[in-house]
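Just below is one structure, and these are the notes that go with it.
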Protein chains: 2
Amino acid sequence: MTSAAEIPDTETVPEEPPGGGEPARVAGGIPEATVARLPVYLRALYTLAERGANTVSSDELAVCAGVNSAKLRKDLSHLGSYGIRGVGYDVEYLVYQVSRALGLTQNWSVVIVGAGNLGRALANYGGFLTRGFQISAILDSDPSLVGRPIGPVTVRHVTELESVITSNSVAIGVIATPAGAAQVVCDRLVAAGVTSILNFAPMVLSVPDGVDVRKVDLSIELQILAFHAQRRFAERFGQESDSVAEA
Amino acid sequence: MTSAAEIPDTETVPEEPPGGGEPARVAGGIPEATVARLPVYLRALYTLAERGANTVSSDELAVCAGVNSAKLRKDLSHLGSYGIRGVGYDVEYLVYQVSRALGLTQNWSVVIVGAGNLGRALANYGGFLTRGFQISAILDSDPSLVGRPIGPVTVRHVTELESVITSNSVAIGVIATPAGAAQVVCDRLVAAGVTSILNFAPMVLSVPDGVDVRKVDLSIELQILAFHAQRRFAERFGQESDSVAEA
DNA sequence: GTGACTTTGTGCATTTGTTCACAAACGACG
DNA sequence: CGTCGTTTGTGAACAAATGCACAAAGTCAC
Ligand SMILES: NC(=O)c1ccc[n+]([C@@H]2O[C@H](COP(=O)([O-])OP(=O)(O)OC[C@H]3O[C@@H](n4cnc5c(N)ncnc54)[C@H](O)[C@@H]3O)[C@@H](O)[C@H]2O)c1
Ligand SMILES: NC(=O)c1ccc[n+]([C@@H]2O[C@H](COP(=O)([O-])OP(=O)(O)OC[C@H]3O[C@@H](n4cnc5c(N)ncnc54)[C@H](O)[C@@H]3O)[C@@H](O)[C@H]2O)c1
């Protein structure tokens, strides 16, 4: 879920000549909802590839990814026409195409700010380094943490933020500081040229146009679960939601 | 383009009596998209309350929450009519109403399975205990971790899963094991009666109807950021999407 | 009490996303 | 080469979410 800006962002949204009655085409050509699912497909494809599959039908892949197969086909159709009718998709080729669409054919450099419990867990985590992402630094303001090795890097002091970013052409900043420090850190990241930020601090960051913020918020997830759990619970006790409450 | 995808990860199928013409009404009476934002409003309200605000207008609150004010009003209108025209909303009262809608007036018991880097960070994290959620146990299969104190609890062996759940009437299970173990753990949670699961393992869990799974997936977030970053990058270099988009 | 001003709540048009269902495209096979 | 079964890609219907714009409902000053 993302908080920041759902601002249509008028920068260079070229007036596509009405290429048809297409409803969902966004500037980049791929609807947001589709973009959010591509990584899931990609993971499913890797799993299938490891299992030795050469081709896969939309039905199979849909099951692996946990979605409707029509949705899957429509999603993939936004990347191009890479399937073979009567056969399915070539797994390896589709991996390549999805990766390319997501921008994973290049390597992305990631800097983590905040080497607390969470920041350390992230830096230790090998799982997302595997493809396309590389942790180039982890920073903290606590001098006692500086120099400590974590995963592939060593903690550096947060004063080095700007130099770390420019010298590594960091593309993605991860904020794992307490909420109180998050906006300041964010501002510094942006000032240093970072335009993609993943925020773990439980607060709404404000950023200028052109900067992309996504957030991961544990509390929110739990609260959403609680809502549904409560609803199931109430239903079970005959708390019939009588009419469709028209208020 | 700043993007914001609010991806409903829910896998439950809300049973609805063929309600009728209303567009967005879901069974509980509150649209999914609204439910996902209520926690954000709630946090903003707490911040305002701490700051001493007695009332707040939809415009102010919208700014704090990072959303459009019309959206905010429509969201809140699903809970009831709790504003005062010409004045705004009473902060304290709205906190109560939102909390109640989310099911936070009762306490939820949480069990974490997997006491690795992530599980430990979660258990140490005080932030989401504050309101409504309480960690009742953390479990692991590694005997060398058993007995180790983490945050408010002590690691217990995963064989105790069923007893921990029933004796604490655990409502929410958090999976922080490697992907390979996630489905097995999930099945055991479900068998023990858990119907709300938060999954950190990078894989699609399959669960029976009536069980609600949400996932938190770092890789996916990074990949979505990469997509947008790539697009911004390509735009800046006049890489006209023409050839890419059609084809 | 009256009028000016503020802010909510919502009808409605628009946009975005999902699902169905089927023609067209393809391989296989005789 | 033609026929058959399979699977894609997509038009079209449907559903959900968004954002505008404004009437209704309130406060406040006097
Ligand atoms: N741990 C979790 O499971 C969890 C879950 C959800 C959200 N979060 C959020 O993630 C963030 C980090 O959580 P945590 O558990 O790692 O906290 P933590 O207190 O363990 O770590 C925070 C770290 O940030 C450093 N820091 C503080 N100010 C800084 C600054 N200006 N620049 C650089 N570093 C700075 C601190 O020195 C500390 O090492 C918090 O905002 C928390 O609310 C954590
Ligand atoms: N650490 C991160 O930043 C991060 C980020 C994204 C996703 N994840 C995912 O979260 C999960 C946990 O990550 P981690 O870094 O804590 O891994 P980890 O290896 O540090 O910890 C995993 C723990 O699970 C335990 N475990 C294994 N099988 C078990 C079972 N059947 N029952 C109970 N416990 C079992 C292991 O003993 C270990 O302690 C992984 O799936 C990982 O992919 C982690």
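Order of the sequence lines sets the chain letters (A, B, ...), proteins ahead of strands, with each chain counted from 1. As the structure is a computational prediction, the values presented were derived from the model and not from experiment.
Nearest-nucleotide mapping onto DNA chain C: of B:Tyr82 and A:Val87, the residue sitting toward the 5' end is B:Tyr82. Comparing A:Gly86 and B:Gly86, the nucleotide of DNA chain C nearest to each residue sits closer to the 5' end for B:Gly86.
Aromatic pair A:Tyr82/A:Tyr89: centroids not less than 6.0 angstrom apart.
Atoms CG (B:Leu72) and P (C:dG9) sit 10 Å apart, rounded to a whole Å. In this structure, the NZ atom of A:Lys71 is 17 Å from the C1' atom of D:dT10, given to the nearest Å. Taking atom CG of A:Asp90 as the reference point, atom P of C:dC26 lies 16 Å away to the nearest angstrom. Between the CG atom of A:Leu79 and the P atom of D:dT8 there is a distance of 14 Å, rounded to whole Å. Look at CD1 on A:Ile84: it is 14 Å from C1' on D:dG9, rounded to the nearest Å. Whole-Å rounding puts the B:Arg85 CZ to C:dC5 P distance at 20 Å. Atom P of nucleotide C:dG17 and atom CG of A:Asp75 are separated by 10 Å, given to the nearest angstrom. One can place CD of B:Glu32 at 16 Å from C1' of D:dT18, the figure rounded to the nearest angstrom.
Checking the phosphate oxygens (OP1, OP2) of C:dT10, no side-chain nitrogen or oxygen of B:Lys74 falls inside 4.0 Å. Phosphate proximity of D:dA21 to B:Arg73: absent, as no side-chain N or O sits under 4.0 Å from OP1 or OP2. Side-chain nitrogen and oxygen atoms of A:Tyr89 include at least one within less than 4.0 Å of the OP1 or OP2 phosphate oxygen of D:dG9.
For the pair A:Asn199/A:Val216, no side-chain contact is recorded, criterion being any heavy-atom separation below 4.5 Å from C-beta on. Here the side chains of A:Leu205 and A:Ile175 are in contact, with some heavy-atom distance below 4.5 Å.
A heavy-atom distance below 4.0 Å to DNA chain D is reached by these residues of residues 57-70 of chain A, ordered by number: A:Ser57, A:Ser58.
By the side-chain contact (heavy atoms from CB on, under 4.5 Å) test, B:Thr34 pairs with B:Ile30, B:Pro31, B:Arg37, B:Leu38, B:Asp75, B:His78, sequence neighbours left out.
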Report, one line per pair, each donor and acceptor closer than 3.5 Å where one atom sits in a side chain of residues 177-185 of chain B; sequence neighbours left out.
unit_1: B:Gln183; atom_1: OE1; unit_2: B:Ser206; atom_2: N; d: 3.0
unit_1: B:Gln183; atom_1: NE2; unit_2: B:Asp187; atom_2: OD1; d: 2.9
unit_1: B:Gln183; atom_1: NE2; unit_2: B:Ser206; atom_2: O; d: 3.0

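Side-chain contact of B:Arg232 with A:Ser196: a donor-acceptor pair under 3.5 Å is present, judged by distance alone. Side-chain contact of A:Thr55 with A:Asp90: a donor-acceptor pair under 3.5 Å is absent, judged by distance alone.
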